[in-house]
J.: 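Pasting a structure below so you can have a look.
Computed from a prediction, not measured in an experiment: that's the story for all the values here.
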Amino acid sequence: MSSDNQWSADEDEGQLSRLIRKSRDSPFVPVGIAGFMTVVSYGLYKLKYRRDQKMSIHLIHTRVAAQGFVVGAVTLGNLLNLYLVFSCL
């Protein structure tokens, strides 16, 4: 394989530089990460006041909300990318 392949992993690339590169390629990646962290933080905060709800149900609802935010951010980013590509044609 050639060394200029964009899909090959760079050995000296750290996690932060990879995140910065992915953020430049797709600006909705940090939005998805921030939304995920916000939903999880809120879910952990509300864990104390869940009243009669079982913990497993609360954790499932938190997980679904966090995943839904990430999927929504990725979908919105892809739709924006498609709009920009097809509007330039």
Side-chain angles (χ1 to χ4, degrees):
M1 301 200 50
S2 66
S3 63
D4 62 346
N5 187 358
Q6 71 178 16
W7 298 106
S8 65
D10 195 9
E11 285 82 21
D12 60 343
E13 184 179 33
Q15 292 292 330
L16 183 60
S17 62
R18 184 175 179 193
L19 180 64
I20 291 170
R21 181 177 52 83
K22 292 279 187 181
S23 297
R24 276 190 226 124
D25 294 342
S26 177
F28 281 90
V29 168
V31 173
I33 292 172
F36 176 82
M37 295 304 290
T38 302
V39 169
V40 169
S41 299
Y42 182 72
L44 289 175
Y45 172 74
K46 293 299 278 186
L47 186 64
K48 187 176 181 181
Y49 305 106
R50 58 186 158 89
R51 297 183 192 171
D52 297 335
Q53 191 178 33
K54 288 184 175 180
M55 181 187 276
S56 62
I57 299 298
H58 177 75
L59 292 176
I60 288 171
H61 288 170
T62 303
R63 180 187 63 116
V64 168
Q67 286 177 336
F69 194 93
V70 171
V71 168
V74 170
T75 303
L76 189 63
N78 284 333
L79 289 174
L80 179 67
N81 190 22
L82 281 173
Y83 175 75
L84 293 174
V85 166
F86 285 119
S87 67
C88 293
L89 292 178

J.: How would you list, by chain and number, every residue that makes a side-chain contact (heavy atoms from CB on, under 4.5 Å) with Ser17, sequence neighbours excluded?
T.: Glu13
J.: Linking directly or through intermediates, with side-chain heavy atoms under 4.5 Å: list the remaining ILVMFWY members grouped with Tyr49, chain and number order.
T.: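 Traced through the cluster, Tyr49 reaches Tyr45.
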J.: Could you check whether any side-chain heavy atom of Asn78 comes within less than 4.5 Å of a side-chain heavy atom of Leu82, counting everything from C-beta outward?
T.: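 No; the side chains remain at least 4.5 Å from each other.
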J.: Rounded to the nearest 0.5 Å, what separates atom CD in Gln67 from atom OG1 in Thr62?
T.: 11.0 Å
J.: Do you know which two heavy atoms are closest between Val29 and Lys22, and how far apart they sit?
T.: CG2-O, 4.3 Å
J.: To the nearest 0.5 Å, what is the distance between SG (Cys88) and CG (Leu84)?
T.: 6.5 Å
J.: Apply the hydrophobic cluster definition, ILVMFWY joined by side-chain contacts under 4.5 Å directly or through others, and give me every member besides Val64.
T.: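 Under the 4.5 Å side-chain rule, Val64 groups with Ile60.
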J.: What residues form a side-chain contact (heavy atoms from CB on, under 4.5 Å) with Val40, not counting sequence neighbours?
T.: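 Val40 satisfies side-chain contact (heavy atoms from CB on, under 4.5 Å) with Phe36, Leu44, Ala66 only.
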J.: List in chain and number order the residues that pass side-chain contact (heavy atoms from CB on, under 4.5 Å) with Thr38, two or more places apart in sequence or in another chain; answer none if no residue qualifies.
T.: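 Not a single residue meets the side-chain contact (heavy atoms from CB on, under 4.5 Å) criterion with Thr38.
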J.: Using the test side-chain hydrogen bond (donor to acceptor under 3.5 Å, both in side chains), find all partners of Gln53 that sit at least two apart in sequence or belong to another chain.
T.: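 If we apply the side-chain hydrogen bond (donor to acceptor under 3.5 Å, both in side chains) test to Gln53, skipping adjacent residues, the hits are His61.
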J.: Supply the atom-to-atom distance Asp25 CG to Asn81 CG, rounded to the nearest 0.5 angstrom.
T.: 10.5 Å
J.: Between Ile33, Leu79, Leu76, which is the residue that forms a side-chain contact (heavy atoms from CB on, under 4.5 Å) with Phe28?
T.: Leu76
J.: Quick one: do Met37 and Val70 end up in the same hydrophobic cluster if we chain Ile, Leu, Val, Met, Phe, Trp and Tyr together by side-chain heavy atoms under 4.5 Å apart?
T.: yes
